[in-house]
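A short write-up of the structure that comes next.
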Amino acid sequence: MLTVLHALEAQLRAAMERAFPDAAAAAQAAGQPLDPQLAPASKPEFGDFQANGALPLAKPLGQPPRAIATAIVEQLAADPAFLQLCDVPQIAGPGFINLTLRPERLEAELQARLGDPRLGVPRVDAAGAARPLPPVIVDFSSPNIAKEMHVGHLRSTIIGDALARVLEFRGHPVLRLNHVGDWGTQFGMLITHLKQVAPEALTTADAVDLGDLVAFYRQAKARFDDDEAFQTSSREEVVKLQGGDPVSLKAWGLLCDQSRREFQKIYDRLDIRLSERGESFYNPYLEGVVADLDASGLLVTDDGARCVFLEGVTGKDGKPLPVIVQKSDGGFNYATTDLAAIRYRFGAVPDGDGARRVIYVTDAGQASHFAGVFQVARRAGWIPAGARLEHVPFGLVQGEDGKKLKTRAGDTVRLRDLLDEAVERAEADLRRRLAEEDRSEDEAFIVQVATTVGLAAVKYADLSTNRITNYQFSFDRMLALTGNTAPYLLYAVVRIAGIARKAGADSEAGAVHFSEPQEWALVRELLKLDGVIAEVEEELLPNRLCTYLFELSQVFNRFYDQVPVLKAEEPASSWAWGCWAFPPWSGCDGRGVVAAVPHAPGPPHAPATP
RNA sequence: GGGGCUGUAGCUCAGCCGGAUAGAGCGACGGUUUCCUAAACCGUAGGUCGUGGGUUCGAGUCCCGCCAGCCCCGCCA
């Protein structure tokens with residue numbers, strides 16, 4: 001209902017200007033035009049919208065706020081365009097103006113959305129964009145080569161994907177970049193170690209399996225930490241690799257391929273698409289970064305390292321902290337890579353991505369790192385005017401004890417194991433309930449449901465809380481059938497699909513007309529989607545969308561509980577089962593709005609034959 | 001020492017640009033129900049919004065101080 005909201009806002013502003021022309025002119029001159037402060041009503045009994053703009057005028061105008069509100073309402077009541085949208089406004093409390101949309105207006109809004117695959121959400125490129133829009137980059141997931149994906153990658157992967165889906169749904173070209181750790185010192189260590197203990201791994205694909213590779217990596221790291229000779233040869237190995245030595249490159253390529261296939265299994269299970277563009281991609285640009293910083297006078301050599309000192313960020317001694325872009329041994333580090341990535345991503349095609357919004361989905365612990373890197377990039381002039389560069393932080397995954405999530409043995413939890421357990425638990429729970437109710441289903445159904453529910457539960461639990469806080473991981477809570485959980489949402493989806501199937505509904509709903517209170521509740525809820533999507537696109541908070549979907553599910557359940565749509569003879573509720581064509585569940589089958597919404601089984605778009 | 005984030009019901013969490021009596025869910029207690037479904041719906045109880053100041057017509061929200069927890073702080077990523 002954003003278009004309605006904007007129309008009302010303009011009408012309210014005009015009404016205020018007519019009611020108080022002097023104050024309006026003064027406000028305009030002061031650069032603070034009168035603001036109607038229009039917002040969705042805080043409670044249903046207040047109508048659809050509320051305008052709070054009369055209250056702040058009380059003092060400057062020297063009038064009681066209710067009198068001001070009355071004057072504004074009188075102007076609105078004289079505006080035919082306004083009266084087409086709303087009933088005559090009510091003044092309540094200290095001077096709130098409550099607006100209620102006219103029923104026929106709501107019906108028209110809903111009618112326009114039935115059968116609309118975009119659910120009333122406009123595309124950003126809708127207004128005849130001649131040129132293609134610049135891409136939005138979402139940098140997420142980013143595991144390290146030669147390691148398995150673990151619980152530490154969970155949030156970035158899920159949140160990043162959800163944000164990418166929302167942006168894509170709005171019509172942005174989105175580059176989903178997997179900034180994998182495929183370069184640097186760690187590779188030197190691993191290759192050096194493998195040369196000595198398993199040289200075949202460096203020349204033959206899949207000579208060792210990934211689990212062994214992970215073990216080798218740990219050994220290499222341990223050696224690196226307390227063996228100087230090993231450190232030296234590791235560093236030499238990095239230099240060879242970065243210098244393009246064919247043997248090193250081949251070994252590197254094999255290791256990457258192997259890891260990549262393992263990552264892909266996880267992404268496939270979670271239905272997540274990513275374009276791999278690892279750290280190595282930026283290798284050719286690292287020197288240019290340093291040269292550029294040098295040319296712009298930002299570069300300082302300190303203690304042999306080349307760095308940029310930050311403004312407004314000081315260390316223990318009160319002196320500015322540096323971002324080191326070239327180590328005293330001449331090597332580059334991750335800050336250099338991150339700077340090269342920023343420069344490339346905002347850079348013009350074909351030597352860059354030409355992006356105007358770049359989003360990093362990483363844990364909150366990296367906030368100061370990104371703040372530093374972003375500052376350097378800004379001062380270096382690599383961020384075009386009007387472009388957005390955003391770190392989207394999220395909190396830690398904690399166990400139910402409030403500590404960092406670990407296995408019972410104290411190890412890092414592998415993502416694969418975590419997903420397996422979610423599915424296993426979902427299956428056990430389903431079998432238990434089937435047995436309790438003495439129902440039987442075929443095995444394929446059980447496996448299907450368990451997989452859907454288990455994976456959706458993991459995703460949804462992560463997305464449904466505000467990402468900035470630490471997140472307490474609990475299989476029991478995420479798999480609960482009630483409350484703000486994936487199983488509850490999926491139940492609503494299945495229920496809607498079931499009714500549609502039973503009704504043999506086709507989506508050719510005729511003119512809609514509502515009577516029941518629960519119908520109106522549903523209509524109003526359905527019309528909120530465009531506002532929610534706009535908010536998520538701006539704030540990058542997927543939990544807002546989850547809250548909406550949960551509330552929508554509740555309204556649907558209430559509706560089906562209280563309105564016997566399949567029994568109704570009157571067409572009053574006939575559109576209701578047609579709603580299956582509408583709701584944002586289209587995300588359920590992974591094609592639509594968000595990953596927030598779990599993978600549903602047979603999408604209602606293809607109803608099974610009764 | 002510096003910086004960041006967090007602190008809201010027993011538990012897990014929402015709370016948008018400052019706006020009306022601070023909201024959900026779970027758990028507890030009580031009730032209703034099933035056309036459809038991978039069971040729901042309704043009600044009751046439960047609050048010093050960490051704390052002390054300040055700004056404002058109005059503060060959970062903005063500013064300052066303090067307390068607690070977590071995280072980060074030069075050549076790892």
Side-chain angles (χ1 to χ4, degrees), chain A residues 35 37 39-40 42-43 46 50 52 55-56 58-59 65 92-96 98 142 144 181 183-186 224 279 302-307 313-318 321-329 331 333-335 337-338 363-369 371 393 395-396 398 400 402-404 430 433-434 437 441 445-446 448-450 452-453 464-466 468-470 472 474 477 480-485 487-488 490-503 531 535 538-539 541 543-544 546-547 550-551 554 557-558 560-568 577 601:
Chain A
D35 181 2
Q37 297 193 12
S42 56
K43 291 189 176 183
F46 300 150
Q50 61 184 63
N52 306 336
L55 297 169
K59 201 167 183 183
F96 301 108
N98 289 338
S142 307
N144 285 325
W183 210 237
T185 317
Q186 46 178 357
F224 187 86
E279 295 173 351
D302 189 75
D303 234 357
R306 311 189 80 187
C307 29
V313 185
T314 52
K316 291 175 188 165
D317 51 5
L321 277 177
V323 169
I324 294 175
V325 295
Q326 191 165 21
K327 300 185 283 184
S328 49
D329 66 3
N333 61 11
Y334 68 113
T337 307
D338 281 340
D363 68 279
Q366 297 190 54
S368 42
H369 162 67
L396 298 172
Q398 299 175 322
E400 290 182 76
K403 294 180 184 161
K404 197 171 172 182
L430 177 61
R433 280 180 289 124
L434 289 174
E437 294 169 31
E441 296 283 355
F445 173 84
I446 292 171
Q448 218 274 53
V449 171
T452 302
V453 169
S464 60
T465 79
N466 188 321
I468 197 70
T469 54
N470 289 345
Q472 201 173 98
S474 162
R477 275 200 298 273
L481 301 176
T482 55
N484 188 6
T485 64
Y488 179 83
L490 283 169
Y491 165 71
V493 173
V494 170
R495 192 175 190 184
I496 293 166
I499 287 184
R501 204 163 42 232
K502 183 70 177 257
E535 196 176 307
E538 182 61 27
E539 310 282 336
L541 290 171
N543 64 301
R544 298 269 168 85
C546 292
T547 299
F550 172 55
E551 286 170 358
Q554 285 182 308
N557 275 334
R558 264 173 225 144
Y560 287 133
D561 190 66
Q562 292 168 31
V563 183
V565 293
L566 291 178
K567 285 180 179 169
W577 51 69

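To find a chain, count down the sequence lines: A is the first, B the second, and so on, and within it residues start at 1. Only a predicted model underlies this, so the values are computations on that prediction, with no experimental measurement involved.
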What is the distance, to the nearest angstrom, from the CD atom on E535(A) to the P atom on C16(B)?
9 Å
Taking only the C1' atom of each, what is the distance from U34(B) to C42(B) in whole angstrom?
14 Å
Select one nucleotide: of U12(B), C16(B), C41(B), the one nearest the side-chain heavy atoms of R544(A).
C16(B)
Separation of N557(A) atom CG from U33(B) atom C1', in whole Å?
13 Å
Would you call Y488(A) and Q554(A) a side-chain contact if the rule is heavy atoms closer than 4.5 Å?
yes
Between the protein and nucleotides 28-31 of chain B, are there any N/O to N/O pairs under 3.5 Å, and if so, what are the atom names and distances?
none

Looking only at side-chain N and O atoms, does T452(A) offer a donor or acceptor that is under 3.5 Å from a partner on Q448(A)?
yes
Applying salt bridge (Lys or Arg N to Asp or Glu O under 4.0 Å), can you list everything that pairs with R544(A), at least two apart in sequence or on another chain?
E535(A)
Inter-nucleotide C1' distance (C11(B), C73(B)), Å rounded
35 Å
What is the pairing partner of C16(B), taking Watson-Crick or G-U wobble pairs with both distances under 3.5 Å in any strand?
none
Starting from P on U34(B), measure out to CD on Q562(A) and report it in whole angstrom.
13 Å
Pairwise C1' distance for A14(B) and G25(B), with rounding to whole Å:
10 Å
Listed partners of R306(A) passing salt bridge (Lys or Arg N to Asp or Glu O under 4.0 Å), at least two apart:
D294(A)
Can a donor-acceptor pair under 3.5 Å be found between the side-chain atoms of R495(A) and the base atoms of C36(B)?
yes
Partners of Q366(A) by side-chain hydrogen bond (donor to acceptor under 3.5 Å, both in side chains), sequence neighbours excluded?
D363(A)
Can you check each nucleotide of nucleotides 69-77 of chain B against protein heavy atoms at under 4.0 Å and return B for base, S for sugar-phosphate only, - for none, in 5' to 3' order?
-SSSSBBSB
Between G15(B) and A45(B), how far apart are the C1' atoms? Round to whole Å, please.
22 Å
Of the options C26(B), G2(B), C57(B), whose atoms approach the side-chain atoms of T314(A) most closely?
G2(B)
Would you mind telling me which residue lines up with the more 5' stretch of RNA chain B, S464(A) or F445(A), judged by nearest nucleotide?
S464(A)
May I have the distance from N484(A) (atom CG) to C26(B) (atom P), rounded to whole angstrom?
10 Å
C66(B) pairs with which nucleotide, Watson-Crick or G-U wobble, both distances below 3.5 Å?
G50(B)
With the side chain of T465(A) defined as its heavy atoms from C-beta on, choose the nearest nucleotide among U6(B), A38(B), A14(B).
A14(B)
Any side-chain heavy atom of E441(A) within less than 4.5 Å of one from V449(A)?
no
Nucleotide N/O to protein N/O under 3.5 Å, stretch nucleotides 19-24 of chain B:
{"from": "G19(B)", "atom 1": "O2'", "to": "Q50(A)", "atom 2": "NE2", "distance (Å)": "3.3"}
{"from": "G19(B)", "atom 1": "O2'", "to": "N52(A)", "atom 2": "ND2", "distance (Å)": "3.3"}
{"from": "G19(B)", "atom 1": "N7", "to": "Q37(A)", "atom 2": "OE1", "distance (Å)": "3.2"}
{"from": "A20(B)", "atom 1": "N7", "to": "S42(A)", "atom 2": "OG", "distance (Å)": "3.4"}
{"from": "A20(B)", "atom 1": "N7", "to": "Q50(A)", "atom 2": "OE1", "distance (Å)": "3.4"}
{"from": "A20(B)", "atom 1": "N6", "to": "Q50(A)", "atom 2": "OE1", "distance (Å)": "3.3"}
{"from": "A20(B)", "atom 1": "N6", "to": "N98(A)", "atom 2": "OD1", "distance (Å)": "2.4"}
{"from": "A20(B)", "atom 1": "N6", "to": "N98(A)", "atom 2": "ND2", "distance (Å)": "3.4"}
{"from": "A20(B)", "atom 1": "N1", "to": "N98(A)", "atom 2": "ND2", "distance (Å)": "3.2"}

Strand partner of G25(B), provided both Watson-Crick or wobble distances fall under 3.5 Å:
C11(B)
To the nearest 0.5 angstrom, please state how far the CG atom of N98(A) sits from the OG atom of S42(A).
8.0 Å
